[in-house]
S.K.: 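One structure, as C-alpha cells, below. Some questions next.
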Amino acid sequence: MTSELLSLSTGCNPVTIRNILSALKKDGIIEVKSGTGGATLAVPLSEISLYRIDPAAIEKMISIHGTPSPFCPVGRNIGTVLSQTYDTLKKDVISSMESVTMEKIIEDYRALLIRQ
C-alpha cells in the first residue's frame with residue numbers, strides 16, 4: 001500500500017504518512033523494502049504501545065506555555081508552580097499510553113467488526 005492510498009484512508013497528507021513510516025522504521029517497529037516492497041512489522045503487536053509509536057505526543061498534550069510575560073507575577077511563576085503537577089500528569093499519561101498496545105487495539109477492532 002502506498003502512502004497516497006494510506007493518506008486517502010486516514011485523511012492525512014501523504015508526506016505525514018511517510019514521516020510516520022520513517023519514524024516507525026527508525027524505531028525498529030517496521031521494516032520497509034525499497035520501491036513498492038511495502039512494510040512489515042518487525043516486532044510483535046504486544047510490544048508496540050501507543051507511547052512507543054509517538055512519545056512526542058506527551059509534550060503536545062501536556063506542556064506549560066514557554067514564554068509567559070516576565071512582568072506578570074502569575075506568568076513569571078506559573079511554570080514553577082505547575083511543573084510538579086505537570087510532571088505527575090505526564091508520568092500518568094505515559095503509563096497509560098504504555099499499557100495500550102497495538103495488540104489490544106486490533107482486538108477491539110475485530111470485536112467491533114463482529115458486532116456490526
Side-chain angles (χ1 to χ4, degrees):
M1 181 171 280
T2 65
S3 56
E4 285 77 17
L5 286 174
L6 284 171
S7 74
L8 290 173
S9 175
T10 62
C12 289
N13 185 300
V15 173
T16 301
I17 298 294
R18 287 190 287 274
N19 289 339
I20 291 168
L21 291 173
S22 177
L24 294 174
K25 180 181 175 185
K26 184 178 179 182
D27 188 40
I29 294 174
I30 62 172
E31 294 172 348
V32 180
K33 295 181 182 175
S34 297
T36 58
T40 56
L41 285 174
V43 296
L45 292 172
S46 61
E47 294 179 20
I48 306 170
S49 70
L50 289 181
Y51 183 71
R52 183 171 179 185
I53 292 170
D54 190 7
I58 298 301
E59 292 303 318
K60 295 173 192 169
M61 289 187 278
I62 304 169
S63 63
I64 298 170
H65 180 42
T67 56
S69 171
F71 304 109
C72 172
V74 174
R76 184 173 54 240
N77 295 298
I78 198 67
T80 303
V81 171
L82 292 177
S83 65
Q84 185 175 357
T85 299
Y86 275 39
D87 286 346
T88 299
L89 287 171
K90 286 179 184 181
K91 287 176 188 172
D92 291 346
V93 172
I94 288 170
S95 178
S96 292
M97 288 177 73
E98 287 176 332
S99 72
V100 178
T101 64
M102 288 306 298
E103 182 176 54
K104 172 71 171 123
I105 291 171
I106 289 173
E107 286 173 8
D108 291 347
Y109 174 72
R110 288 180 177 153
L112 175 68
L113 291 180
I114 291 169
R115 290 192 303 266
Q116 291 180 343

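Numbering starts at 1 and runs along the sequence shown.
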S.K.: With K91, which residues qualify under side chain to side chain contact (heavy atoms under 4.5 Å, CB included), at least two apart?
M.R.: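 None.
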S.K.: Just jot down the side chain to side chain donor-acceptor pair (under 3.5 Å) partners of T101, sequence neighbours excluded, or say none.
M.R.: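 Listed in chain order: nothing, the list is empty.
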S.K.: Sequence neighbours excluded, which residues qualify as side chain to side chain contact (heavy atoms under 4.5 Å, CB included) partners of T88?
M.R.: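 Only D92 meet the side chain to side chain contact (heavy atoms under 4.5 Å, CB included) criterion with T88.
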S.K.: Working to the nearest 0.5 Å, report the span between CD1 of I64 and OH of Y86.
M.R.: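 Interatomic distance, I64 CD1 to Y86 OH, rounded to 0.5 Å: 6.0 Å.
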S.K.: So, do L24 and I48 sit near enough that their side-chain heavy atoms are less than 4.5 Å apart?
M.R.: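 Of all side-chain heavy-atom pairs linking I48 with L24, none is under 4.5 Å.
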S.K.: Look up atom CE in M61 and atom CG in L89, then write down how far apart they are to the nearest 0.5 Å.
M.R.: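 Spacing of CE (M61) from CG (L89) equals 11.0 Å.
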S.K.: Quick one: which residue pairs count as a side-chain hydrogen bond (donor to acceptor under 3.5 Å, both in side chains) with a foot in residues 46-58, not counting sequence neighbours?
M.R.: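 As it turns out, the side-chain hydrogen bond (donor to acceptor under 3.5 Å, both in side chains) pairs with a partner in residues 46-58, which skip direct neighbours, are D27-R52.
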S.K.: Between atom CG of L6 and atom OG1 of T16, what is the distance when rounded to the nearest 0.5 Å?
M.R.: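 One gets 12.0 Å once the value is rounded to the nearest 0.5 Å.
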S.K.: According to side chain to side chain donor-acceptor pair (under 3.5 Å), who are the partners of E59, at least two apart in sequence or on a separate chain?
M.R.: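 Once residues adjacent in sequence are excluded, the partners of E59 under the side chain to side chain donor-acceptor pair (under 3.5 Å) criterion are K90.
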S.K.: Taking all non-hydrogen atoms of both residues, which atom of S3 and which atom of P14 are closest, and how far apart?
M.R.: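 Looks like CB-O, 3.9 Å.
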S.K.: With sequence neighbours left out, which residue pairs that include part of residues 10-24 fulfil the salt bridge (Lys or Arg N to Asp or Glu O under 4.0 Å) condition?
M.R.: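 Sorted pair list: E4-R18.
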S.K.: Roughly how far, to the nearest 0.5 Å, is CG of L50 from CE of M102?
M.R.: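 It comes to 7.5 Å.
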S.K.: Hey, what do you get for CD1 (I17) to OG (S7), rounding to the nearest 0.5 Å?
M.R.: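 The OG atom of S7 is 6.5 Å from CD1 of I17, to the nearest 0.5 Å.
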S.K.: Find the distance between CG (L21) and CD1 (I30) and round it off to the nearest 0.5 Å.
M.R.: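 Interatomic distance, L21 CG to I30 CD1, rounded to 0.5 Å: 4.5 Å.
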S.K.: Applying side chain to side chain contact (heavy atoms under 4.5 Å, CB included), name anything that partners S99, two or more places apart in sequence or on another chain.
M.R.: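 Residues passing side chain to side chain contact (heavy atoms under 4.5 Å, CB included) with S99: none at all.
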S.K.: Could you note down all residue pairs passing side-chain hydrogen bond (donor to acceptor under 3.5 Å, both in side chains) where residues 69-84 supplies at least one of them, sequence neighbours left out?
M.R.: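 Matches after skipping sequence neighbours: none remain.
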S.K.: Sequence neighbours left out, cut at 3.5 Å: what donor-acceptor pairs do the side chains of residues 105-116 make with other protein atoms?
M.R.:
residue, atom, partner, partner atom, Å
D108, OD1, K104, NZ, 2.6
D108, OD2, K104, NZ, 3.4

